[in-house]
Each structure stands twice: as structure tokens, then as C-alpha cells.
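Chain letters run A, B, ... following the sequence lines, proteins first, then strands; residues in each count from 1. Any value given below was found using the heavy atoms of this structure, including those in side chains, with hydrogens, waters and symmetry copies removed.
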Amino acid sequence: MKWTEYLPELASGLGVALRLTGLSLLLGFPLGLVLAKLTDSRVRALRLVAVGLVEIGRGLPLLVLLYLVYQGLPQVGLTATAMVSAVAAFTWSAAAYSAEVIRACLVAVPVGQREAAIAAGMSDRDTFRFVILPQAARLAVPPLMNLAVQWFQFTSLAYVITLPEIMQAAYLLGTVNFDYLSVFLAAGFLYAAVTIPASGLVSLVEKRLSRHL
Amino acid sequence: MNTQSLVYLLGGVVGTLVITGAAFAIGAVLGAPVAWAQRSRFFPVRALIRTYVEIIRAVPPLVWIFVVFFGLPEVGVSLQPLTAAIVTLGVIASSYLAEIYRGGLAAIHRGQWEACAALGMSGLDTARHVVAPQVLRVILPTAATYLIGLLKDSALASAIGVAEIAFRANAETQRTGLGLTFFVAAGVLYVLLSLPLAAMSRRLDSRIRARYAMT
Amino acid sequence: MDKYDTPQGSAGPAAFVRAANIVKAYGDHRAVDDVSMDLKAGEVVSIIGPSGAGKSTFLRCLNFLEMPTAGAVTIGDRSVAVGPDHATPSRKDLAALRRNVGMVFQSFNLFPHLTALRNISLPQERVLGRSRQEADERSRALLARVGLKDKADSYPSRCSGGQQQRIAIARALALDPAVMLFDEPTSALDPEVGMEVLAVMRELAGDGMTMVVVTHEMAFARDVSDRVVVMVDGAVVEDGSPEVVMSDPTNARTRQFLSAVLGR
Ligand SMILES: Nc1ncnc2c1ncn2[C@@H]1O[C@H](COP(=O)(O)OP(=O)(O)OP(=O)(O)O)[C@@H](O)[C@H]1O
Ligand SMILES: [Mg+2]
């Protein structure tokens, strides 16, 4: 069988992969913003919790995080489906990485911006919302988009907890047809077909966003 | 977790370190010619290398590992799981390290080459005594960060049965049902292994920044 | 008739802006060492002095961008004091004081993600609670006033340094401050471009705005200000009319400084 003939069979896996990516980013990025703010909190306990969540999320291999949620939580009586576990692990990791990105972008806004707003009598909250955040957001969009592309690639890891994403579908196909090479090349093609245009889009956005800065 | 399980899990550290170290070594060696070729005057060479790098990165590492381990035997290349993992992660590392080398080379002022040429130094001497030491200093922090990433990627080898940390944690979980215990322990091991690397990266980074008065 | 009237009750000879015994210490180093300064309404004071004298630090203490180690600032009838004998001032008190103080920075600090017009309107909306329409209207008037009517919809990156600084002045004026602070507003600019900005400031002074200007522009200090203050090593060493300070200084450090900058 030619490898292209496997592509339609992998389509359902692609759907699952995209859903996992979308859900975990939708939850992970806002959480990342919250974590980024909390790591500078005046309250020590909040700061410690935020730093802990970020460091664990970044420090463990995502694979281990996946196992931890899927196989670890049942030990304390919590069981979740593969999809829910995957979303939880991916969200945690996305929040941790995006928190770092967002924090770096917040810090990258020149101090003069804050000073100008404060000198005009603006409150801390308004300064953050109308002056700092919009500028940091512009800086953060390209790296966050890159993270998103990476997260799509990471969905392949959910194979190990039997989520029916692309790799799981490919492995089954390969076993049935006894044709692993073509099947996995087809899977690779599918990932590349999403990743390459998406990366192109990131560069495009990057160029456009740098216009006023 | 009893002592026997703990010893078994700790034994996985060897596998993790072997995969990480060997793959990094392959990547470091293979990355050099790739970086060099990316600076080639000939467009076809540059385009070819660019394509190589892009294709490697457009596909997740786990897919490459499966292609190599499950796929290549169909064309007569059968590798042991450990070898397959090392070779695959090594080739992937070459694409990333090449990029890091390239950044390091770009950071060197072209006047350095001109000065060496004016002094009558050979190309090889220039590369060895002038360019390499400077590039090395610039790239070490980034390379150390990449090495930490590779340490985490080595967990992928568990998917083809290499008995490193993640694999053993999973095996013990299947046996005992104590997933939380074993994966928390595995997580602690990964963090412990990456701590010295992270510290080194930070130290090098601040030292280099100070030396080159970068901010 | 002055455009900038003094608020009720503070007219007359009493000080309109008063900085009392301002101290700012960084560790053992006193960047500002017990500086006091009174300004009458409509008065223009230039602060000159060598680099590192503490001019910027003092200016930034006036609106608490830098929290003084000790001292008090009074603007009109509003006073904020800090020091060992005082409670830490509340954010509300600081915000209230700041809205009466306009500040213009050496590096403009315009918001790059907003057009010139929106740069001027944003603080009006957030601080004074003006409606967008009201704010934009006022902003357009101010842009016209600084000669930049046609730049309303331009982003800062599309404006020259001189234009950016004039927009920054308009932004500060939009809150109708009682006093304007300038920290070397022209030193990031080419001399010709700096002239545009100085012209706007001159006009502002002529209209009766109370101003404190840290500057290296000796001509501006001499021609526009009512008083010139010389700071050296965190302290005021000379304070008087421009004629006296600049042509007949009493202090040796002042003479030394002036001969260096004036090249005689
Ligand atoms: N955040 C800070 N931490 C420590 N020292 C500081 C800080 N800010 C300023 N200083 C010190 O305070 C002194 C006064 O600085 P300031 O910027 O006020 O001088 P200046 O008169 O404005 O000089 P210039 O003409 O160069 O702008 C300097 O010695 C400076 O090193
Ligand atoms: Mg200064």
C-alpha cells in the first residue's frame, strides 16, 4: 500500500490531536498569565505556589507529567479518561511555559512606560491593563504561537496513555497492515503538513506586529 | 515503594544519562558540518541543509523514533531500542545544535577573520585558535539549555522499551498500581539530573554576559 | 491674563509648590541631601548642575516616582510627607498628588501601541474620568497647541524625536496639572529639533504655567526662567535670578560648573 493511502485513516487522529492542542492552549495561556502575575505577588505563599507549579511544569518531561496524571491520580482515587488526563497535563505544561514567556515580555516593556503612566496619576491596575499588557501582548504573540505549534507536535506523546491521536491510529494501522514504515511516514507527513504552514504564519505575524515598535 | 523498587528505578538513571549523553555527542559532532554548510556560498547546498533541518523539526521526535525503530527494519535496518533512540535523538539534536553554532558564528565580528588573514594565519589555525574558543563561550549557555531539553526528550525512549527512568516508573506502576509514588519519584529524578545543568547554564550565562559587557 | 490661574486660596505670595527638606538616600549615599524649594504660582525654575548632582532624583521625588527617604511635597493645598515620623503615604494620596503634576521625560516615554491622540486621551479617561469624545476633543486642541494637529493619528514610531516630545508635553498638559516637571526634555534631541520643544516650553512659561525644568540648555535657563537653582552633590549651592546666578555666581562650585558648560 502506498503511504498516501494511509492519510485518510489517520484523519480522526488528527482531529483528536487538534482538539487536545486547542483545549490545552485555551486553558493554558490564561493560566500562564495568572501564574506570571503571581510569581511577582507580594504574598509569599502565592509566589511559592506559582513558582512551584511553573518549575514542575517545565522541569518534568511532558511524558512523565502525562503518566503522573493518567496513572498517578488513580492511586488517590481520582480517575479520568485519557483525553481529560491529556488536557490536564498539557494545560499544566502550557501554563508553565507560557508563564515564563509572558513574564519575560512583561519585563521587556521599558520602565519608562510604567513611570509615564504612574506620573500621569494612573492606578497600578490601569497602568497594567492599558499600558503594560498591550505592549507585552504584542511581544508575546509570536513566541506563544510557536508554543502552540510545539504543543501540536507534543500531542504525539499522548500515544503512551492510549489517547486515539495520530500516533495511536498509526500504530494500529501499522500493526494491522504490517507496514510500519509507510504508516509512520504518513503520520510524520501529517504533522509536517500542519507544522510548516503554521510556522510560516508565525513569521508573518512576527513581521506585522513589529511595525509600530 | 520498597527498596527493591527504588533500586530498580534508580537504575533507570543510567539509561537516561546514556541516551542523553550519546545523543548530545552525536548532535554536537554532526551539527558542526551542518552549521558550516548553512553558511555555504552555494545556494543549493544552503537550500539542501535548510530542508534537512526543517523536515527534522516539522515532525515530532516520537514519530522519528517510531520510523527508525519500527519502520527501518522493513528496509533491512534493524536497531536495538537503545541504539534507535540514541541515533534518532542524536540526528534531531544535530539540527538544533547546528542552529546554535550558527548563532555563535554570527556573533563573531568579521574583523576577527580579517585580522587573522592579515596576520597570515591559516584557515585551520584561525578556526581552532580564534573562532572556536569565542564561539564556544557564546554558545555554551544555550547548548546547556538544549541539553536539559534533551534530558527530558530521552524519556521518549521508554515508548520503544528502553529501560530508562520513565519506562521503569511505568513498569513498576503496572506491577504495583502505585502510579503517583513512582511518577513523582521519576519526576524528582529528572529535576535532580537537570539542576546541575541549569546551574551551569546560569553561571556561564552571567559570566559571558559580564565578559562581553552584554546586558 | 494668565492662562493658568492659581487655585482659590493659594494666590498671593505664599508658595504654590513647596518641597521641604527632601532627602533621598541610596544606602549610605545621599543622592539628594536636604533640598528645599518653593515656587510661586506661574514661576519657572531651572535646575542646573553637573552630572550625578541629583537633579533627576530630586525632580522624581517631587511626584514620588522616587520615594524620598524623608521630606514633604505640597502642591496647592495638597501635601504628602514621608520620613521616620510619617506613615507611608497611601496610593490614593500619591495618585491625587500626581494628577496635579505633569512630567516630561528625557526619553519621551510615549506609549508605542497608541496613536498620538490616544496617548493624550488615555490618562484623561482613566484618571479624570472624561468620556472618550471629551478626551479626544481636548487632545486635538492640545496637539494643535504644540503644532502637531496633523499627527493625531500617527503612532510615535512615525514621529520625529521633537514631535514625540511635544506630544509628551501635550499628554502631561491634558490633565490640567498645577505644575509641570521637565527632566532634560531636549537632551535626547538634535539641537535644531530641540528648539521646537524649547519653543513650546517658552510659550507655556509665557502663559503662566508653573514649571520646574532640569536642563543643560543654558540659554533657556537664562532667558525663560525666573530663578535658576544650581545643584552639586545632592545639595542646592545657589538659588537666585538667572542674571545673578549665571553672570555673578557666589559659589566656587557654580563658577567651576558654569565655566565648564559655557566654555569660558
Ligand atoms: N536607583 C539608584 N540606585 C543607586 N544610586 C542611584 C540611583 N539613582 C541615582 N543614583 C545616584 O544618585 C546620584 C544622582 O543621580 P541623578 O540621576 O539624580 O543625577 P543628575 O543630576 O540627574 O545627573 P545627570 O545630569 O547625569 O542626569 C548619582 O550619583 C547616581 O549614581
Ligand atoms: Mg538626570
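- Sparse packing is recorded around CH2 of B:W36, with 12 or fewer heavy atoms of other residues, nucleotides or ligands lying under 6.0 Å away.
- Ring planes of A:Y67 and B:F183: parallel class, angle under 30° (limits at 30 and 60°).
- Put simply, CG on B:L178 and CD on A:Q75 are 4.5 Å apart, with the number rounded to the nearest 0.5 Å.
- To the nearest 0.5 Å, the span separating CG on A:L78 from CG on B:L180 amounts to 9.5 Å.
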side-chain contact (heavy atoms from CB on, under 4.5 Å) assessment of A:M167 paired with B:V63: CA-CA 7 Å; A:M167 291 302 281; B:V63 180; 3.4 Å; yes

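- One distance of note links CG of A:L181 with CZ of B:F66; it measures 14.0 Å at 0.5 Å rounding.
- Taking A:Y159, A:Y70, A:F152 one by one and counting their heavy-atom pairs under 4.5 Å with chain B, the maximum is reached by A:Y159.
- Contact of B:V75 with chain A is made through the side chain alone, with heavy-atom distances under 4.5 Å.
- Counting heavy-atom pairs under 4.5 Å between each of A:Y171, A:F178, A:Y191, A:F154 and chain B puts A:Y191 at the top.
- In this structure, A:G188 and B:V59 approach most closely via the heavy-atom pair O-CG2, 3.5 Å.
- Once rounded to the nearest 0.5 Å, the distance linking CD1 of B:I55 with CZ of A:F189 reads 11.0 Å.
- Interatomic distance, A:S156 OG to B:I65 CD1, rounded to the nearest 0.5 Å: 9.5 Å.
- Residue-environment remark: CZ (A:R114) stays at or below the threshold of 12 foreign heavy atoms within 6.0 Å.
- No other option in A:T155, A:L62, A:I196, A:L60 has as many heavy-atom pairs under 4.5 Å with chain B as A:L60.
- When the candidates A:V160, A:I56, A:L68 are compared by the number of heavy-atom contacts under 4.5 Å with chain B, A:L68 comes out ahead.
- In this structure, no portion of A:V194 lies under 4.5 Å from any heavy atom of chain B.
- Residue B:S154: no heavy atom, backbone or side chain, is found under 4.5 Å from chain A.
- Of the listed residues (B:G71, B:P60, B:G179), the greatest number of heavy-atom pairs within a distance under 4.5 Å of chain A belongs to B:P60.
- By number of non-hydrogen pairs under 4.5 angstrom with chain B, the leading residue of A:A192, A:A198, A:A193, A:P74 is A:A192.
- Aromatic ring centres of A:Y180 and B:F69: separated by at least 6.0 Å.
- The local environment of CD in B:Q80 is sparse, with at most 12 non-hydrogen atoms from other residues, nucleotides or ligands closer than 6.0 Å.
- Rounding to the nearest 0.5 Å gives a distance of 14.0 Å between CZ of B:F70 and CG of A:D179.
- Scanning all heavy atoms of the two residues, the minimum distance from A:L63 to B:S158 falls at CD2-OG, 3.4 Å.
- No more than 12 heavy-atom neighbours from other residues, nucleotides or ligands sit within 6.0 angstrom of CD on B:Q4.
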Starting from the C-alpha separation in whole Å, work towards a yes-or-no answer on side-chain contact (heavy atoms from CB on, under 4.5 Å) for B:R57 and A:Q153. CA-CA 10 Å; B:R57 293 184 181 192; A:Q153 292 208 339; 5.9 Å; no

